[in-house]
Amino acid sequence: MTGTARWVLHVDMDQFLVAVELLRRPELHGLPVIVGGRGDPTERAVVSTASYEARERGVRSGLALKLAVRRCPEAVLLPVDFPVYEAASAQVMATLRAHPGVVVEVLGWDEAFVGVETDDPLTTALEIQAEVLAATRLHCSIGIGDTLVRAKVATDFGKPQGTFFLHRDNWLDVMGHRPTTALWGVGPRIGQRLAAIGIETVAQLAASPDDPLVAAFGPSTGPHIGRLGRGGGRAWPDDTPWVARAHGRETTYQADLLTRDEVAAALGELAGRVVDDLAREGRAATRVHLKVRFAPFFTHTKVRKLGAPTMDPAVLAETALALFDALGDDRPVRLLGVRAEMQPPAGGY
DNA sequence: TCTGGGGTCCTAGGACCC
DNA sequence: TCTGGGGTCCTAGGACCC
């Protein structure tokens, strides 16, 4: 037997929300299916997940439902059903943790990093795919890498229902010619700013010294982006239980809010829900954030430290309304959000 | 033409203190 | 009257992720 090594598997469920819906609606198999909002294309909402058939018609996550049905009029539209997906997700994660000798770091509803020590990570990946399928009747793709970033990026090349390897020896062969935005953690804005300093591709980023990156992005983000380009960074998952830093609630209103009274009532309702979330965990708020999107398109965020940590929804709502008034803007309100940062638990995060 | 709702982490710049 | 360096806290906002 050859020596074992540590590998990171990135397990990602295929078209997760749609796949869960197909379990209870098998007759929809092979059809363009879209899960989003309340399933009503006339409402303000976006696509959460589209089936592969719908993706072929140009429907993507984040696309407005109105536009999605215009692109794919024959699509079957389903409302988002959170409790069902949460239950399926819990089943998936429990299946991963049941594999002998693994360390599991959950990334979201439908994905997780799995650390394994083995001389044959591909066999482990195939075993995990089979175990998840047997337990949940759901398919997943698995990226295998020697770092978290490489495993995460690899998954897309394995979709659907496949696997893909990315490690230090093939990273630049596979990724070098691609735009920097192909990296996990490099979005359109950072991509633009990299291009402005002459870095267009992953290979160019990987070859860049830290200095210009620090100058452009700061002492922490700069070197971090450079590491992303080399596929470097953390090489082992962290299974420490997750502790929330903040809780927030936001709502897009189907009809814009036009008066201060409407805004006040909406803030009271949002603040009440935030307070419920905090109370459930026995946590105290330290700062309140208000997010407002005016019609059309303009987002404004305000932050204020509370005089004393509070879990009184009236105080939270008053604080948020004071912040709103301070904006001094009387345009129609399309979205409101209230978020509370929380005191760290004893012992810190 | 229309853009959800839940989060995380980082930076810039000003205030304030020693 | 003008001038420091360093540190910390706070506000406001940016960017990214699923």
Side-chain angles (χ1 to χ4, degrees), chain A residues 10-13 15-17 34-49 58-71 79-80 82 85-86 89 105-113 148-149 152-153 155-156 180-181 183-194 213-225 228 238 242-254 270 273-274 277 286-307 319 323 326-327 334-342 349:
Chain A
H10 176 250
V11 179
D12 196 66
M13 305 307 294
Q15 50 171 10
F16 181 58
L17 272 50
I34 296 171
V35 178
R38 295 192 285 190
D40 179 348
T42 67
E43 291 191 347
R44 289 174 180 165
V46 296
V47 174
S48 290
T49 305
V59 178
R60 293 278 180 282
S61 298
L63 188 68
L65 281 190
K66 271 173 204 164
L67 297 179
V69 296
R70 204 168 301 164
R71 287 189 190 180
V80 176
F82 293 98
Y85 313 140
E86 270 159 19
S89 173
E105 177 175 338
V106 176
L107 258 193
W109 267 1
D110 64 338
E111 59 179 306
F113 288 115
L148 270 62
V149 164
K152 167 80 182 172
V153 171
T155 308
D156 278 343
T180 56
T181 50
L183 295 166
W184 178 45
V186 178
R189 294 293 304 161
I190 289 177
Q192 264 180 23
R193 289 164 65 188
L194 282 169
L213 298 174
V214 169
F217 297 99
S220 174
T221 303
H224 172 68
I225 293 171
L228 290 178
D238 177 356
W242 176 75
V243 180
R245 269 77 165 159
H247 283 303
R249 295 297 185 124
E250 64 180 72
T251 300
T252 299
Y253 298 96
Q254 291 302 321
L270 291 171
R273 295 202 290 177
V274 171
D277 290 342
T286 55
R287 294 205 295 177
V288 175
H289 302 231
L290 173 71
K291 181 168 160 187
V292 184
R293 183 179 294 154
F294 296 103
F297 311 142
F298 180 68
T299 301
H300 211 318
T301 303
K302 281 261 179 189
V303 186
R304 179 164 300 174
K305 188 184 169 71
L306 293 174
T319 306
L323 293 175
L327 289 178
R334 183 154 294 181
L335 171 148
L336 282 176
V338 174
R339 193 162 73 93
E341 288 182 1
M342 295 182 288
Y349 290 115

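Sequence lines set the chain letters: A, B, ... in the order given, protein chains first and strands last, and positions in each chain run from 1. Please read all numbers here as calculations on a predicted model, not as lab measurements.
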S.K.: Quick one: does A/Glu250's side chain get under 4.5 Å of A/Arg293's, heavy atoms only?
M.R.: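 Not in contact.
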S.K.: So, does A/Arg287 get its side chain near the phosphate of C/dC10, meaning an N or O under 4.0 Å from OP1 or OP2?
M.R.: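 Answer no for this pair, as no side-chain N or O of A/Arg287 is under 4.0 Å from OP1 or OP2.
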S.K.: Could you tell me whether the phosphate oxygens of B/dG5, OP1 or OP2, come under 4.0 Å of any side-chain nitrogen or oxygen in A/Thr252?
M.R.: yes
S.K.: Could you state the atom-to-atom distance from CZ of A/Arg334 to P of B/dC2 in whole Å?
M.R.: 9 Å
S.K.: Of all the choices, C/dC17, B/dC10, C/dA15, which nucleotide is nearest to the side chain of A/Thr221 once you look at every atom?
M.R.: B/dC10
S.K.: Using a cut-off of 4.0 Å on non-hydrogen atoms, how would the nucleic acid contact of A/Arg339 be classed: base, sugar-phosphate, or nothing?
M.R.: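 Base: the residue A/Arg339, judged by heavy atoms under 4.0 Å, touches a nucleobase.
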S.K.: Any strand counts, and the cut-off is 3.5 Å on both contacts for Watson-Crick or G-U wobble. Which nucleotide pairs with B/dG7?
M.R.: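 Matched B/dG7 with C/dC16 under the 3.5 Å cut-off.
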S.K.: Does A/Arg339 use its side chain to pair, donor to acceptor, with the backbone of A/Ala246 at less than 3.5 Å?
M.R.: no
S.K.: Contact class for A/Leu67 vs. all strands (heavy atom < 4.0 Å): base, sugar-phosphate, or nothing?
M.R.: base
S.K.: Looking at every strand, decide which applies to A/Lys152 at a 4.0 Å heavy-atom threshold: base, sugar-phosphate, or nothing.
M.R.: sugar-phosphate
S.K.: Given 3.5 Å as the limit, does a donor-acceptor pair link the side chain of A/Glu341 with the main chain of A/Thr286, or not?
M.R.: no
S.K.: Please confirm whether the backbone N or O of A/Arg273 pairs with a side-chain atom of A/Arg249, one donor and one acceptor, at under 3.5 Å?
M.R.: no
S.K.: Mind checking A/Leu183 for me? I need base, sugar-phosphate or nothing, with any heavy atom below 4.0 Å counting as a touch.
M.R.: sugar-phosphate
S.K.: Taking the side chain of A/His247 as heavy atoms from C-beta outward, which of B/dT8, B/dG7, B/dT3 is closest to it?
M.R.: B/dG7
S.K.: With a cut-off of less than 4.0 Å, is there a side-chain N or O of A/Arg189 near OP1 or OP2 of C/dA15?
M.R.: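 Answer yes for this pair, as a side-chain N or O of A/Arg189 is under 4.0 Å from OP1 or OP2.
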S.K.: Looking at B/dT3, C/dA15, B/dT8, which one has an atom nearest to any side-chain atom of A/Arg293?
M.R.: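 Nearest to the side-chain atoms of A/Arg293, counting from C-beta on, is B/dT3.
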S.K.: Between A/Thr181 and A/Gly187, is there a donor-acceptor pair closer than 3.5 Å when you use the side chain of the first and the backbone of the second?
M.R.: no
S.K.: Report yes if a side-chain nitrogen or oxygen of A/Arg245 is closer than 4.0 Å to either non-bridging phosphate oxygen (OP1 or OP2) of B/dC9; otherwise report no.
M.R.: yes
S.K.: Between A/Leu335 and A/Phe217, who's closer to the 5' end of DNA chain B by nearest nucleotide?
M.R.: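 This one resolves to A/Leu335.
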S.K.: What integer distance in Å separates A/Phe82:CZ from B/dG6:P?
M.R.: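 It is 8 Å, rounded to the nearest whole Å.
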S.K.: Which listed nucleotide (C/dC17, C/dA15, B/dC2) is nearest to the side chain of A/Ala64?
M.R.: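 In terms of side-chain proximity for A/Ala64, the closest of C/dC17, C/dA15, B/dC2 is B/dC2.
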S.K.: Are any of A/Trp109's side-chain N or O atoms less than 4.0 Å away from OP1 or OP2 of B/dG6?
M.R.: no
S.K.: So if I take every side-chain heavy atom of A/Trp184 and compare against B/dT11, C/dC18, B/dT8, which nucleotide ends up nearest?
M.R.: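 For the A/Trp184 side chain, the nearest candidate turns out to be C/dC18.
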S.K.: Could you give the CD-to-P distance, from A/Gln15 to C/dC18, as a whole number of Å?
M.R.: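 Interatomic distance, CD of A/Gln15 to P of C/dC18: 17 Å.
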S.K.: Write down the distance between CG (A/Leu228) and P (C/dC16), rounded to a whole number of angstrom.
M.R.: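 Whole-Å distance recorded here is 11 Å.
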S.K.: Check every strand shown and say whether A/His224 touches a base, only sugar-phosphate, or nothing at a heavy-atom separation below 4.0 Å.
M.R.: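 No contact.
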S.K.: Short question: side chain of A/Arg245, backbone of A/Val243 - any donor-acceptor pair under 3.5 Å?
M.R.: yes
S.K.: Using the side-chain heavy atoms of A/Trp242, tell me which of these nucleotides is nearest: B/dC10, B/dG7, B/dC2.
M.R.: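 Nearest to the side chain of A/Trp242 among the choices is B/dG7.
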S.K.: Figure out the CG/P separation between A/Asp40 and B/dT3, and round it to whole Å.
M.R.: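 It is 12 Å, rounded to the nearest whole Å.
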S.K.: Please pick, from B/dG6, C/dA15, C/dC18, the nucleotide with the shortest atom-to-atom distance to any side-chain atom of A/Ile190.
M.R.: C/dA15
S.K.: When all nucleic acid strands are considered with a 4.0 Å heavy-atom cut-off, which category describes A/Thr251: base, sugar-phosphate, or nothing?
M.R.: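 Sugar-phosphate contact only.
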S.K.: In whole angstroms, how far is the P atom of B/dG6 from the CE atom of A/Met342?
M.R.: 13 Å
S.K.: For atom P, what is the distance between B/dT3 and C/dC18, given to the nearest Å?
M.R.: 23 Å
S.K.: I'd like to know whether A/Leu107 forms a side-chain contact (heavy atoms from CB on, under 4.5 Å) with A/Phe113, so could you lay out the CA-CA distance, the side-chain angles of the two residues, the decisive distance to 0.1 Å, and finally the verdict.
M.R.: CA-CA 7 Å; A/Leu107 258 193; A/Phe113 288 115; 3.5 Å; yes
S.K.: Quick one: label A/Val80 by what it contacts on the DNA or RNA (base, sugar-phosphate, nothing), any heavy atom closer than 4.0 Å.
M.R.: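 Here A/Val80 touches no strand at all.
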S.K.: Using whole Å, report how far CZ of A/Arg249 lies from P of B/dG7.
M.R.: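 Spelled out: CZ on A/Arg249 to P on B/dG7 is 7 Å.
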S.K.: Could you give the CG-to-P distance, from A/Leu336 to B/dG5, as a whole number of Å?
M.R.: 11 Å
